[in-house]
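Some notes on the structure that comes next.
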Amino acid sequence: MKSLANPDSPQPSPRQIRRFVGLAIAFAVLYGVWAAALGFRIVICQQAVRQHLWFALRERPRGAFPDDQSALTVATQWVAELNAVYHTNPCAPGPAFRLLRSGAGARWTGPACTVVVGVRHHHVVVHAYDTQGYRMDDAFQRLHPPPRRL
Amino acid sequence: MLPYPDINPVGFHIGPLPIHWYGLLEIISFFIGTLWLIRRGRRPYWGWGKEQVFDLEFYLAIGAIAGGRIGYVLWYDLPYYAGHPVQILKVWDGGMSFHGGLIGVILGCWAYARQHGRSTMATLDFVAPAAPIGLGLGRLANFINDQLFGRVSHLPWAIIFPAGGPQPRQPSQIYEFLLEGVLLLLILGLYSRKPRPAGAVGSLFVLGYGLFRFAVEYTRQPDIQLGFVMGPLDMGQILSIPMILLGPILLWWAYRGGFETPSSAVNAPPAQPRPGSGPSLRGKHK
């Protein structure tokens with residue numbers, strides 16, 4: 001039977017074929033195990049942030065305050081209360097809730113896995129940053145509270 | 001911004017039984033894929049009879065469902081399923097992984113080939129071009145089912161998906177349909193029109209799917225329980241990286257003849273093709 005392989009390159013020996021297939025399978029298996037371990041860790045961490053965000057969104061002080069300063073005072077006290085309820089952050093060093101003093105529109109440069117409380121237009125606002133430090137979609141999270149899965 | 005075409009996920013009823021578009025599209029893709037494989041199998045250099053295609057599809061279906069589910073459990077939500085193992089069996093509750101399904105299909109081809117005296121790689125080459133039919137229609141089903149939508153976007157063709165909240169989102173299911181379905185089908189269909197070295201078509205599928213999936217994931221909303229898993233990459237991209245890495249290596253190996261075994265020669269044209277010879281060549285290589 002005619003071979004369709006490139007006639008210019010020598011066909012691998014049976015030993016080389018076995019070694020190639022073995023290496024490919026080993027790579028796939030090890031990579032799969034690593035991905036499963038990564039996914040396991042991330043789901044646990046993400047679940048914690050989602051829980052914190054959900055709690056914060058539900059308990060957030062609502063309504064407009066007279067000015068940003070008074071809103072910030074309320075937010076500061078509220079962050080302390082939140083950290084008393086959830087006193088550990090399972091996926092990042094430091095507290096689970098942090099205050100953003102420079103305004104909620106400012107870019108968060110702190111640790112990942114954190115719920116950030118800030119002030120905007122005299123309101124207390126809440127944002128969460130996922131295990132990789134990316135801002136989470138608050139509206140989407142509010143729509144699908146933990147432990148909802150998609 | 002485009003309106004979401006509010007298609008009822010239930011296509012029609014057969015008596016009291018609701019027939020969902022999702023299931024219907026899967027059945028349609030299975031039907032089209034089967035017809036296409038039977039037609040392809042008649043070509044002398046493939047040498048697959050109708051019965052053999054049906055046999056193979058049984059192995060593929062088991063592999064795809066079991067692999068898809070196990071892959072989802074392992075890679076997408078292991079802590080939950082470790083605590084609720086019975087839920088693993090509830091496939092109808094959703095949660096399948098393409099990458100797990102791919103491994104399941106490879107194992108299915110291996111089991112079939114082993115039992116029927118064929119080459120695993122030649123079997124994979126035979127089925128690979130039909131896979132985008134199921135993948136593409138599956139993505140359309142995701143769109144109809146208002147699931148696996150894209151990230152928030154303000155592009156003119158962004159859509160407000162009811163399950164995604166009030167913000168417009170990328171219709172990433174449609175991108176996936178076009179790339180993993182239509183374009184990949186075209187590429188593999190054209191490439192496999194001529195006889196290729198054993199393993200080449202399957203390897204091209206691995207590379208093509210990996211590239212398309214990796215690219216589209218940049219527009220897709222990551223799974224809510226995971227988010228991003230490594231920097232800006234989500235789990236779909238993490239699992240596509242080995243496909244992108246291994247695809248070209250497997251192609252190179254195929255062109256070196258590394259996957260050619262005596263039984264894989266069914267993938268090659270016979271030395272003296274007989275006009276009108278459609279029956280299986282399997283017996284010739286036993």
Side-chain angles (χ1 to χ4, degrees), chain A residues 1-14 16-17 19-21 23-25 27-47 49-50 112-113 128-150, chain B residues 71 74-80 82 94-95 99-100 103 147-148 151-152 163-167 194-198 200 221-233 235 238-239 241-242 245-246 249-250 253-262 265-271 284-285:
Chain A
M1 194 59 73
K2 184 183 159 195
S3 168
L4 294 167
N6 184 358
D8 296 335
S9 61
Q11 193 175 2
S13 67
Q16 284 176 310
I17 291 173
R19 193 163 29 159
F20 179 85
V21 171
L23 277 173
I25 291 173
F27 171 72
V29 169
L30 288 176
Y31 194 93
V33 170
W34 169 77
L38 177 70
F40 186 88
R41 190 180 69 82
I42 295 288
V43 168
I44 289 174
C45 294
Q46 182 79 348
Q47 182 72 3
V49 198
R50 289 179 67 209
C113 253
Y129 294 83
D130 72 4
T131 59
Q132 306 301 304
Y134 288 95
R135 187 169 151 176
M136 288 161 70
D137 186 338
D138 292 356
F140 188 51
Q141 293 289 337
R142 197 182 288 126
L143 208 59
H144 304 287
R148 170 73 193 264
R149 293 165 166 79
L150 285 183
Chain B
L74 283 179
W75 292 318
Y76 286 87
D77 215 353
L78 187 53
Y80 172 75
H99 298 88
I103 293 173
Q147 60 189 182
L148 304 184
R151 298 180 195 174
V152 171
Q167 292 170 296
K194 283 201 286 183
R196 303 288 177 183
Q221 178 76 26
D223 285 51
I224 199 164
Q225 75 277 10
L226 273 168
F228 295 100
V229 298
M230 185 176 268
L233 304 181
M235 187 53 90
I238 291 288
L239 295 174
I241 288 173
L245 293 177
L246 280 179
I249 297 172
L250 295 174
W253 191 252
Y255 273 90
R256 274 194 70 187
F259 294 125
E260 294 205 350
T261 58
V266 290
N267 198 9
K284 293 187 180 179
H285 304 287

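So you know, we letter chains A, B, ... as the sequences are listed, proteins then strands, and number each from 1.
- Rounding to the nearest 0.5 Å gives a distance of 8.5 Å between CD1 of Ile44(A) and CG of Leu78(B).
- With a 4.5 angstrom heavy-atom cutoff, Pro232(B) touches chain A via backbone and side-chain atoms both.
- Heavy atoms closer than 4.5 Å to chain B are found in the side chain of Tyr134(A), but not in its backbone.
- The CD atom of Gln132(A) lies 7.5 Å from the CE atom of Met230(B); values are rounded to the nearest 0.5 Å.
- Most heavy-atom pairs under 4.5 Å with chain A: of the set Gly71(B), Gly95(B), Ala82(B), Gly164(B), this distinction falls to Gly164(B).
- Only the side chain of Ala139(A) comes within less than 4.5 Å of a heavy atom in chain B; its backbone stays farther off.
- Of the two parts of Leu246(B), only the side chain, counted from C-beta on, holds a non-hydrogen atom closer than 4.5 Å to a non-hydrogen atom of chain A.
- Annotation for Arg256(B) and Pro12(A): closest pair O-CD, 3.3 Å, computed over non-hydrogen atoms.
- Side-chain atoms of His144(A) come within 3.5 Å of backbone N or O of Ala163(B) as a donor-acceptor pair.
- Nearest approach of Phe27(A) to Pro242(B), heavy atoms of both residues: CE2-CB, 3.7 Å.
- Taking both residues in full, the closest heavy atoms of Val43(A) and Leu226(B) are given as CG2-CD2, 3.5 Å, listed atom of the first, atom of the second, then distance.
- Taking every heavy atom of both residues into account, Arg50(A) and Ile224(B) meet most closely at CD-O, 3.4 Å.
- In terms of the ring pair (Phe, Tyr, Trp, His ring centres under 6.0 Å) criterion, residue partners of Phe20(A) (sequence neighbours excluded) are, by chain and number, Trp253(B).
- Under a 3.5 Å cut-off, the side chain of Trp75(B) and the backbone N or O of Gly39(A) do not form any donor-acceptor pair.
- Crowding of Arg41(A) atom CZ: a count of heavy atoms from other residues, nucleotides or ligands under 6.0 Å not exceeding 12.
- With chain A as the partner, the residue from Gly258(B), Gly231(B), Ala254(B) showing the most heavy-atom pairs under 4.5 Å is Gly231(B).
- Neither the backbone nor the side chain of Ile103(B) comes within contact range of chain A; no heavy atom of the residue lies under 4.5 Å from a heavy atom of that chain.
- When heavy atoms are compared at a cutoff of 4.5 Å, Val152(B) approaches chain A solely by way of its side chain, counted from C-beta outward.
- When all heavy atoms of Gln221(B) and Asp137(A) are compared, the closest pair comes out as OE1-OD2, 4.1 Å.
- Ile42(A) approaches Phe228(B) most closely through the heavy-atom pair CG2-O, 4.1 Å.
- For the atom pair CZ (Phe40(A)) and CG (Leu74(B)), the distance works out to 11.5 Å, reported to the nearest 0.5 Å.
- Listed by chain and residue number, nothing satisfies the side-chain contact (heavy atoms from CB on, under 4.5 Å) test with Leu30(A) (two or more places apart in sequence, or in another chain).
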